[in-house]
2 protein chains.
Amino acid sequence: MQQSEASNIQGENTLSRIIKEAIRLFSAKGYHGTSIDDITQAAGITKGAFYWHFKSKEVLLRKFLEEWETRFLDGLIRATEGVKGGFLVKLQKVNRYTAAFGFYNRELCVSFTTLSAELIGGGHAIEKYFRSVYGKYQNFLIKIINEGKRENVFKKELDSIHASLIFMAFHDGLLLQWSMNRDNIDGEAFLSTYRAILTDGILVRDR
Amino acid sequence: MQQSEASNIQGENTLSRIIKEAIRLFSAKGYHGTSIDDITQAAGITKGAFYWHFKSKEVLLRKFLEEWETRFLDGLIRATEGVKGGFLVKLQKVNRYTAAFGFYNRELCVSFTTLSAELIGGGHAIEKYFRSVYGKYQNFLIKIINEGKRENVFKKELDSIHASLIFMAFHDGLLLQWSMNRDNIDGEAFLSTYRAILTDGILVRDR
DNA sequence: TCCTCTAGACCGACCGGTTAGTATAGTGCC
DNA sequence: GGCACTATACTAACCGGTCGGTCTAGAGGA
């Protein structure tokens with residue numbers, strides 16, 4: 001029973017459609033605001049089909065988190081690990097990758113932030129997984145920040161742990177605000193304003 | 001069953017307890033993740049009492065938004081409107097007020113961000129109200145930013161609309177990250193790192 | 001070639017529990 | 001007497017999840 005060729009298209013198709021529609025609905029209505037019926041209706045399937053692919057709604061949630069981790073986070077780590085040229089080049093790479101990924105996978109990224117706000121701190125079983133993924137993200141950022149300090153490019157007086165948290169906070173907040181106002185914003189210009197603030201701040205130098 | 005020492009009226013007490021517990025639960029589990037039964041149980045009242053004070057769950061949600069608008073936003077506007085000393089002093093005031101308010105009213109602020117992520121973009125009836133409040137916040141920030149530009153303190157090359165959105169994004173994101181990690185973070189130090197980045201950026205000057 | 005069997009993918013009625021919300025009768029307090 | 005509830009009992013819709021059954025493609029044998 002080979003799956004790779006034309007034979008097993010149906011199942012793969014349905015599975016990816018479930019995930020795609022779930023992500024879209026999660027980003028619009030949150031986890032508890034999205035019902036299985038919403039998802040199956042959007043994917044054009046029935047409840048039976050959904051539960052053939054997923055044991056429970058929580059397994060779908062886990063799959064979604066996996067998706068974010070492998071596609072965004074691992075992708076980001078892979079995109080920067082071989083980069084030569086020091087901190088500045090790496091920072092540029094991180095910003096570019098994050099912006100491009102967020103732009104082309106808005107619903108996945110918005111869902112991640114929305115669901116983390118919704119599910120962390122409420123005693124939900126998924127909380128541990130959320131935190132481990134955030135931790136992985138943070139460790140990645142801390143390593144880069146410390147490289148920047150060693151090169152004397154990143155200000156040494158800024159605490160690395162705080163700075164990594166601030167980076168993640170910026171990305172989360174920016175994504176949410178951009179997503180809410182994306183009809184009235186030029187994303188490219190918005191990002192370059194952000195980059196300017198991040199590197200050199202909002203205040204004029206000789207004041 | 002006595003509720004308090006003689007003086008206070010029963011109704012006031014119950015009403016404020018409903019709101020307080022609702023905010024706490026919203027911040028932990030989101031809007032759809034919090035049931036009326038959760039709220040009444042936490043407040044130690046019955047369903048009848050809840051529906052005596054609120055016509056529906058959505059009216060409670062409106063009341064919550066009003067709470068955020070009058071207590072945080074109007075408070076912020078009031079705290080800065082009479083301030084003399086120009087942009088720098090005003091910015092300090094805004095940052096201090098926001099930080100202090102967020103610290104002492106964490107659940108109210110976290111709920112606002114969480115619920116906006118959960119409810120904006122999903123076609124919910126409350127969306128308009130959310131957007132009007134965000135719009136009011138943004139207009140306030142734009143005015144201050146433009147003052148800073150006029151004084152030649154805020155960099156003129158940064159777009160005011162983008163910058164205001166970025167400010168709100170920073171506040172939202174920072175609040176969420178701090179809330180998630182508040183057990184392992186020194187809030188004061190975290191904030192001073194943020195302020196340093198905001199004003200002068202992350203990169204060393206002479207590079 | 002025809003027949004049987006198997007497995008994967010899916011359908012949709014149905015289940016028990018939960019949800020927001022309603023109804024109603026009664027109670028203590030100002 | 002009316003305000004601010006309590007206690008209990010409900011309803012109808014909706015929730016996540018189950019289950020028996022169906023359809024199809026392919027394999028194996030005669």
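Residue numbers begin at 1 in each chain, while the letters A, B, ... track the order of the sequences. Just so you know, these numbers use all the heavy atoms, side chains as well, and skip hydrogens, waters and symmetry mates. These numbers come from a predicted model, not from an experiment.
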I'd like to know whether the aromatic ring centres of B:Phe26 and B:Phe112 sit less than 6.0 Å apart in this structure.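 No, too far apart.
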Ring centres under 6.0 Å, that's the criterion: do B:Phe130 and B:Tyr134 meet it?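 No, the ring of B:Phe130 stays outside the 6.0 Å limit from the ring of B:Tyr134, centre to centre.
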A:His53 vs C:dC10: side-chain N/O to OP1/OP2 distance below 4.0 Å: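 Yes, within the criterion.
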Between A:Ser179 and A:Arg106, is there a side-chain donor-acceptor contact under 3.5 Å, judged purely by atom types and distance?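 Yes, a side-chain donor-acceptor pair sits under 3.5 Å.
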May I ask you to say what B:Thr40 touches in the nucleic acid, namely base, sugar-phosphate or nothing, with a heavy-atom cut-off under 4.0 Å?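 Since no nucleic acid heavy atom lies under 4.0 Å of B:Thr40, the category is nothing.
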Could you check whether A:Thr46 gets within reach of a base, just the sugar-phosphate, or nothing at all, counting any heavy atom under 4.0 Å?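 If one applies the 4.0 Å heavy-atom cut-off, A:Thr46 turns out to touch a base.
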Which nucleotide in the set [options] lies at the smallest distance from any side-chain heavy atom of [X]?
X: B:Ala49; options: D:dC5, D:dG17, D:dC15; result: D:dC5
X: A:Ser35; options: D:dC5, D:dG16, C:dA20; result: D:dG16
X: B:Trp52; options: D:dA4, D:dG16, C:dC10; result: D:dA4
X: A:Lys57; options: C:dG21, C:dC10, D:dG16; result: D:dG16
X: A:Thr14; options: D:dG16, C:dA20, C:dC10; result: C:dC10

Atom-to-atom span, CD of B:Glu58 to P of C:dA20 - whole angstrom: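 The distance from CD of B:Glu58 to P of C:dA20 comes to 13 Å, rounded to the nearest Å.
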Donor-acceptor pair present, B:Lys47 side chain and D:dA7 base, under 3.5 Å: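 Counting by modelled atom types and ignoring angles, no donor-acceptor contact under 3.5 Å is found here.
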B:Phe50 or A:Ile45, whichever maps to the more 5' nucleotide of DNA chain C: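 Whichever sits nearer the 5' end wins; that is A:Ile45.
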For B:Tyr129, the option from B:Glu69, B:His124, B:Glu66 that meets side-chain hydrogen bond (donor to acceptor under 3.5 Å, both in side chains):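 Considering B:Glu69, B:His124, B:Glu66, a side-chain hydrogen bond (donor to acceptor under 3.5 Å, both in side chains) with B:Tyr129 is found only for B:Glu69.
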